[in-house]
There are 2 protein chains.
Amino acid sequence: MTRKKPDASEASTERLALYTAASRAAGIRLTPQRLEIFRVLAATESHPDAEAVHRAVQRVMPTVSRDTVYRTLWRLHDMGLVATLGPSRDRVRFDTNVGPHHHLVCLGCGLVQDFVSATLDGLALPPGVSQWGRVYDTQVEARGLCLACLKAGRATRETTQEKASDER
Amino acid sequence: MTRKKPDASEASTERLALYTAASRAAGIRLTPQRLEIFRVLAATESHPDAEAVHRAVQRVMPTVSRDTVYRTLWRLHDMGLVATLGPSRDRVRFDTNVGPHHHLVCLGCGLVQDFVSATLDGLALPPGVSQWGRVYDTQVEARGLCLACLKAGRATRETTQEKASDER
DNA sequence: AGCTAGTTGCGAATGAGACGCAACAACGAA
DNA sequence: TTCGTTGTTGCGTCTCATTCGCAACTAGCT
Ligand SMILES: [Mn+2]
Ligand SMILES: [Mn+2]
Ligand SMILES: [Zn+2]
Ligand SMILES: [Zn+2]
């Protein structure tokens, strides 16, 4: 039995199956709009925003609402089947440390802590990267839970984000 | 002449000097509100959002406007003296690839490309990290310019972001 | 076929940021 | 020190992504 390296379309099919299976397992109803959103998400190789997903879904199902797309995306996110880029979902956060350093991001409270590591600073990227363009800066983003959130038993999924804004 | 390891307050002073020097060099006026914002930024060890900075500045100068804080932050950002967290300044972007992988972020057009690297997947973080909490996931974010943006001579500073939304 | 709890679409609300503009005020020149 | 030029400020307004409330549906079980 030969096993070919999964190509894009094969991965897409797998992902779609994953979404529906997980939904069924979670007792979530498989509405036609959800199925279509699943198809679009399973097929994408990029990092779309909600509106891009909405547009793609509308091409096939013109009546889906913006809201349903958002709700489905966050639901999948809660199930750990889609991720979001960057540490903060809401407002822009600034960093006054412009030297080389890395980040520990707490998924519970949103706190971001710097850490330094000479090893990580000089990280070698795979050679194929040079064909993409020019890289100016490389940094590591480690996600997890800080001690406080661990003790508080806060969930990993960034749900109860009651804003740990600093500089109070 | 002894040279102690720069502590927080020393680094703060240095940073303040840097801000004012760079501003003067750029012909930017040193208004009292800017100076106060500089002080707050120079003193912070965290990753505040604009509102947190505004609150901190208001404690000393109750009349500063939200807008002035924004303008100053972006000005410093343009000068390369403050950074922002994460690849996207505006809307949330989703990632359907939940397996271990890393990102190439183009600062010109906003495109984010996946890349894989077994070496980077198993990255060892410095030991001190264990005292912060538990890390579930580690990924590398490499920022730069993609070939298209390099050829187009687009600036590194994410200015001309005329939205490269995919799934068109 | 009938129930019922989970969903949908919509119109309205929220909230971060950006903008336009008239009153102001740094700061180099005189 | 005074003045004039220009960059700045604060405010009211505007935009636009994301969220809410809710009444009208409907997937999925019986
Ligand atoms: Mn940082
Ligand atoms: Mn990705
Ligand atoms: Zn935390
Ligand atoms: Zn680009």
Side-chain angles (χ1 to χ4, degrees), chain A residues 19-38 47-55 57-58 60-79 82 84-86 88-94 110 158-163 165, chain B residues 19-38 48-55 57-58 60-79 82 84-86 88-94 110 158-163 165 167:
Chain A
Y19 295 159
T20 58
S23 297
R24 242 187 283 270
I28 289 174
R29 294 184 185 168
L30 292 175
T31 67
Q33 28 276 75
R34 265 182 196 153
L35 284 174
E36 189 52 39
I37 296 171
F38 286 176
H47 302 81
D49 55 41
E51 160 132 9
V53 176
H54 188 209
R55 274 200 307 271
V57 174
Q58 279 191 315
V60 168
M61 188 182 278
T63 59
V64 270
S65 71
R66 182 177 11 108
D67 236 47
T68 296
V69 171
Y70 273 109
R71 287 186 287 231
T72 302
L73 281 169
W74 290 125
R75 180 116 334 130
L76 288 175
H77 181 259
D78 288 344
M79 298 193 290
V82 299
T84 55
L85 296 188
S88 57
R89 285 178 28 174
D90 40 349
R91 50 297 268 323
V92 177
R93 297 179 63 179
F94 298 87
E158 45 217 317
T159 333
T160 336
Q161 288 237 45
E162 81 253 357
K163 183 177 313 177
S165 65
Chain B
Y19 295 159
T20 58
S23 297
R24 244 188 281 270
I28 290 174
R29 294 183 187 169
L30 292 176
T31 67
Q33 27 276 77
R34 263 181 198 153
L35 284 174
E36 190 52 39
I37 296 170
F38 286 177
D49 55 40
E51 160 131 9
V53 175
H54 188 207
R55 274 200 307 272
V57 174
Q58 279 192 316
V60 168
M61 187 182 279
T63 59
V64 270
S65 72
R66 183 174 17 102
D67 235 48
T68 296
V69 171
Y70 274 111
R71 287 187 286 230
T72 303
L73 281 169
W74 290 126
R75 181 73 62 73
L76 288 176
H77 181 260
D78 288 344
M79 298 194 289
V82 299
T84 55
L85 296 187
S88 57
R89 287 177 27 173
D90 41 348
R91 53 294 275 321
V92 178
R93 297 180 63 178
F94 298 88
E158 45 217 317
T159 332
T160 336
Q161 289 236 45
E162 82 252 357
K163 183 177 314 176
S165 63
E167 307 291 343

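A note on names: the letters A, B, ... follow the listed sequences, proteins ahead of strands, and every chain is numbered from 1.
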Results of ring-ring contact (aromatic ring centres under 6.0 Å, His included) for B:Phe94 - residues two or more places apart only: A:Trp74

Contacts of B:Phe38 that satisfy ring-ring contact (aromatic ring centres under 6.0 Å, His included) - sequence neighbours left out: B:Tyr19

Listed partners of A:Thr20 passing side chain to side chain donor-acceptor pair (under 3.5 Å), at least two apart: none

Contacts of A:Glu36 that satisfy side chain to side chain donor-acceptor pair (under 3.5 Å) - sequence neighbours left out: A:Arg39

A:Arg34 side chain to A:Arg29 backbone, donor-acceptor under 3.5 Å: yes

Closest to the A:Val64 side chain, choosing from D:dG10, D:dT18, C:dG9: C:dG9

Comparing A:Gly27 and B:Ala50 on DNA chain C - which has the more 5′ nearest nucleotide: A:Gly27

Rounded (10°) bend between the five-pair end axes of the helix from C:dA1-D:dT30 to C:dA30-D:dT1: 30°

Worked check of side-chain contact (heavy atoms from CB on, under 4.5 Å) between B:His54 and B:Ser65: CA-CA 8 Å; B:His54 188 207; B:Ser65 72; 5.5 Å; no

Atom pair distance, as rounded to whole Å: [atom1] in [X] and [atom2] in [N]:
{"X": "B:His54", "N": "C:dG15", "atom1": "NE2", "atom2": "C1'", "value": "15 Å"}
{"X": "B:Arg55", "N": "C:dA16", "atom1": "CZ", "atom2": "P", "value": "10 Å"}
{"X": "A:Glu51", "N": "D:dT18", "atom1": "CD", "atom2": "P", "value": "9 Å"}
{"X": "B:Arg91", "N": "D:dC16", "atom1": "CZ", "atom2": "C1'", "value": "8 Å"}

Presence of A:Thr68 side-chain N/O under 4.0 Å of C:dG9 phosphate oxygens OP1/OP2: yes

Presence of A:Arg75 side-chain N/O under 4.0 Å of C:dT7 phosphate oxygens OP1/OP2: yes

Contact pattern, 5' to 3', of nucleotides 19-30 of chain D - B, S or - by protein heavy atom under 4.0 Å: BBB----BBS--

Residue list, side-chain contact (heavy atoms from CB on, under 4.5 Å) with B:Ala21, at least two apart or on another chain: none

For A:Ala25, all residues meeting side-chain contact (heavy atoms from CB on, under 4.5 Å), sequence neighbours excluded: none

Pairs flagged by salt bridge (charged side-chain N to carboxylate O under 4.0 Å, His left out) wherever residues 66-75 of chain B is involved - sequence neighbours left out: B:Asp67-B:Arg71

